[in-house]
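Since we're looking at a predicted model, the values are computed, not measured.
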Amino acid sequence: MTLPDVLTQKTVDVPLTVTEAFALFTKGLASWWPKGGPQLRMDPKKGGKITEVDKDGKPITRGEIIAFDPDGYLAFSWHPADFPEAATIVTVAFSATADGCRVELTHGSDAILGPLADAVSTSTLRGFDLVLGSFHTCATRVTIAA
């Protein structure tokens, strides 16, 4: 992905191993996704769906997992609930650090969005700050059984 195609790049360090952080991010999505917003579920496998549960309990597809590697890489399509034709790509890379794991999230390609790019990039910039902040808070509270 070239830099102009990037809408948002965010990084957060967490005190978990790559395996633990990947599992929390994928299998544990409902436990850390920010409360008060849409509640999301992920079918953690390649081809799995990411769904939002609306206020009536109806699932709405928000994306599909394109790449799923528990050793440290996830990619999925992501789109506004009402606009699947405006899908963008989110990648999440997990790498070991001295104190745990670095999680790098990249959301791109504004080229797909056309005139919506400015509005979407502003909202995703703020949105992913909240999302990764919530992930970080949950990851620092997780106790991993030996």
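For Ser77 against Ile66, the heavy-atom pair with the smallest separation is N-CD1, 3.7 Å. The shortest non-hydrogen separation linking Ala96 to Val18 is N-CG2, 3.4 Å.
Taking CG from Leu24 and CZ from Phe94, the interatomic distance works out to 8.5 Å, rounded to the nearest 0.5 Å. Here Ile50 contributes atom CD1 and Arg62 contributes atom CZ; the two are 9.5 Å apart, rounded to the nearest 0.5 Å. Note that the CG atom of Leu16 and the OG1 atom of Thr97 stand 10.0 Å from one another [nearest 0.5 Å].
The side-chain contact (heavy atoms from CB on, under 4.5 Å) test applied to Ser95 returns Arg102, Glu104, not counting sequence neighbours. Partners of Ser31 according to the side-chain hydrogen bond (donor to acceptor under 3.5 Å, both in side chains) rule, which considers only residues two or more places apart in sequence or in another chain, do not exist here.
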Under 3.5 Å, side-chain donor or acceptor atoms of residues 69-76 against the rest of the protein: list the pairs with distances, not counting sequence neighbours.
unit_1: Asp69; atom_1: OD1; unit_2: Asp71; atom_2: N; d: 2.9

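Applying the salt bridge (charged side-chain N to carboxylate O under 4.0 Å, His left out) test to pairs two or more places apart or on separate chains, those with a residue in residues 38-50 are Asp43-Lys45, Lys49-Glu64.
Exactly one residue among Ile89, Thr91, Val90, Thr11 makes a side-chain contact (heavy atoms from CB on, under 4.5 Å) with Thr106. That residue is Thr91.
In this structure a side-chain-to-backbone donor-acceptor pair under 3.5 Å is present from Thr88 to Trp78.
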